[in-house]
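This chain uses plain numbering: 1 for the first residue, then up along the sequence. Values reported hereafter were calculated over all heavy atoms of this structure, with side chains retained and with hydrogens, waters and symmetry mates removed. Remember, it's 1-based here, ligands and their atoms both numbered in the order they're listed.
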Amino acid sequence: MGLTSSYTSSPVGRLIVSAGPDLASLDRWIREFARVIEVHQGFLTELDSAIGDADHGTNMRRGMSAVVTSLDAAAARSESPETALAMFKSVGMTLVSTVGGASGPLYGTFFLRMATASGDVVAMSATEFATVLQAGLAGIVQRGKPEAGDKTMYDSLLPACTALDASLAAGLDLDQALTAASAAADAGRDATTSMQAHKGRASYLGERSIGHQDPGATSAALLVAAAVTAFRQPE
Ligand code: ADP
Ligand code: MG
């Protein structure tokens with residue numbers, strides 16, 4: 001995937017490439033996600049205690065803390081991932097092996113699919129990043145078979161990816177487009193409260209799942225918000 005492979009037309013008709021994340025930005029994204037998961041782990045577990053088995057915050061904290069430990073250990077050996085593929089792959093493998101339950105394989109697949117879609121690059125354009133996210137989302141769909149309205153992480157990730165694509169197509173830069181995506185993820189997360197769960201443990205509750213915010217949709221909204229923060233921050 002090359003930097004020149006995606007273009008948008010500028011108002012004056014010239015072709016421009018909207019800049020996307022480089023490896024340092026992706027590293028910051030992963031670490032920022034780990035940080036916000038740590039901050040919100042109690043809340044995530046509280047949400048899961050209402051409609052699940054009270055472990056989503058613990059699961060995600062265990063996984064993302066292992067991810068950061070692994071990135072730090074690699075850096076100490078001067079073996080930090082040198083491509084987006086290697087970085088996302090390491091995150092995905094760590095999540096699959098350390099997070100149990102439904103969310104481990106789902107988040108793991110998300111990152112592993114983003115790895116394959118990224119390829120051996122050290123930077124990508126904004127539209128390439130949006131394509132990479134769509135590939136991750138497709139992995140979640142393949143793995144968990146969620147549909148819109150099932151009250152899962154998909155209900156915040158799908159609107160986020162849709163908003164990101166639409167915003168980039170409308171000519172916004174990555175920061176503006178991700179800000180729109182994050183707002184869409186938050187709205188999608190909030191909309192899960194009135195939904196009845198049709199996937200995962202919460203579905204066992206039937207109608208009693210209505211009235212509670214979905215934990216996975218909540219952590220997924222944190223993932224999108226983390227990208228806004230991380231990609232904006234100077235190195
Ligand atoms: P578990 O339910 O196994 O305890 P977690 O509590 O860590 O796992 O994660 C629960 C979250 O996983 C749910 O809130 C939901 O968002 C997500 N989830 C569960 N099943 C699916 C599925 N089939 N597809 C997409 N997301 C799912
Ligand atoms: Mg759970």
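Residue contacts with ligand 1, taken as heavy atom pairs separated by less than 4.0 Å, involve T152 via backbone and side-chain atoms alike.
Ranking protein heavy atoms by distance to atom 22 (C) of ligand 1, first place goes to G144 O, 3.7 Å. Distance from atom 5 (P) of ligand 1 to its nearest protein heavy atom, with residue and atom name: H56 ND1, 3.4 Å. Counting protein heavy atoms only, atom 4 (O) of ligand 1 is closest to D53 OD1, 2.9 Å. Scanning the protein heavy atoms around atom 16 (O) of ligand 1, the nearest turns out to be D214 OD2, 2.6 Å. Counting protein heavy atoms only, atom 7 (O) of ligand 1 is closest to S103 OG, 2.5 Å. Nearest protein heavy-atom contact of atom 19 (C) of ligand 1 is A102 CB, 3.6 Å.
Shown are V91, L112, L223; of these, the side-chain contact (heavy atoms from CB on, under 4.5 Å) with Y107 is made only by L223.
Side-chain N/O atoms of D48 and T45 include no donor and acceptor closer than 3.5 Å. The closest side-chain donor-acceptor pair between T218 and Q213 falls under 3.5 angstrom.
The number of heavy atoms from other shown groups lying within 6.0 Å of CZ (R62) is above 12. Other residues, nucleotides and ligands contribute more than 12 heavy atoms inside 6.0 Å of the NZ atom of K199.
To the nearest 0.5 Å, atoms OG (S118) and CG (L26) are separated by 7.0 Å. Taking CG of L172 as the reference point, atom CG of L178 lies at 10.5 Å (rounded to 0.5 Å). We find the CE-CG distance between M87 and D27 to be 4.5 Å, quoted to the nearest 0.5 Å. From L85, atom CG reaches atom CG of D120 across 5.5 Å, with rounding to the nearest 0.5 Å.
Ligand 1 has a nitrogen or oxygen under 3.5 angstrom from a nitrogen or oxygen of N59. In terms of polar-atom proximity, defined here as any N/O pair under 3.5 Å, M153 does make such a contact with ligand 1. Not a single N or O atom of L106, backbone or side chain, sits closer than 3.5 Å to an N or O atom of ligand 1.
Short contacts between ligand 1 and G200, defined as distances under 4.0 Å to a heavy atom of the residue, involve ligand atoms 19 (C), 20 (N). Annotation for ligand 1: atoms under 4.0 Å from non-hydrogen atoms of D55 are 4 (O), 5 (P), 6 (O). Near D48, the atoms of ligand 1 lying under 4.0 angstrom from a non-hydrogen atom of the residue are 6 (O). For ligand 1 and G101, the ligand atoms under 4.0 Å from any heavy atom of the residue are 3 (O). Interface of G216 with ligand 1, defined as ligand atoms under 4.0 Å from a residue heavy atom, comprises 13 (C), 14 (O), 16 (O).
Ligand 1 is approached by P215 to a heavy-atom distance shorter than 4.0 Å. Distances shorter than 4.0 angstrom occur between a heavy atom of R201 and an atom of ligand 1.
When the N, O or S atoms of D53 are ranked by distance to the Mg ion (ligand 2), OD1 comes first. Of all the N, O or S atoms in D48, the one closest to the Mg ion (ligand 2) is OD2. Minimum-distance N/O/S atom of D55 relative to the Mg ion (ligand 2): OD1.
Put simply, the side chain of D155 never gets that close to the backbone of G188: no donor and acceptor are under 3.5 Å apart. Checking side-chain atoms of K151 against main-chain N and O of A202 turns up no donor-acceptor pair under 3.5 Å.
Around atom 24 (N) of ligand 1, the closest heavy atom drawn from G52, P146, G104 belongs to P146.
Ring planes of F88 and F111: tilted class, angle from 30 to 60°.
I210 and I51 fall into different hydrophobic clusters, where Ile, Leu, Val, Met, Phe, Trp and Tyr are joined by side-chain heavy atoms under 4.5 Å apart, directly or via other members.
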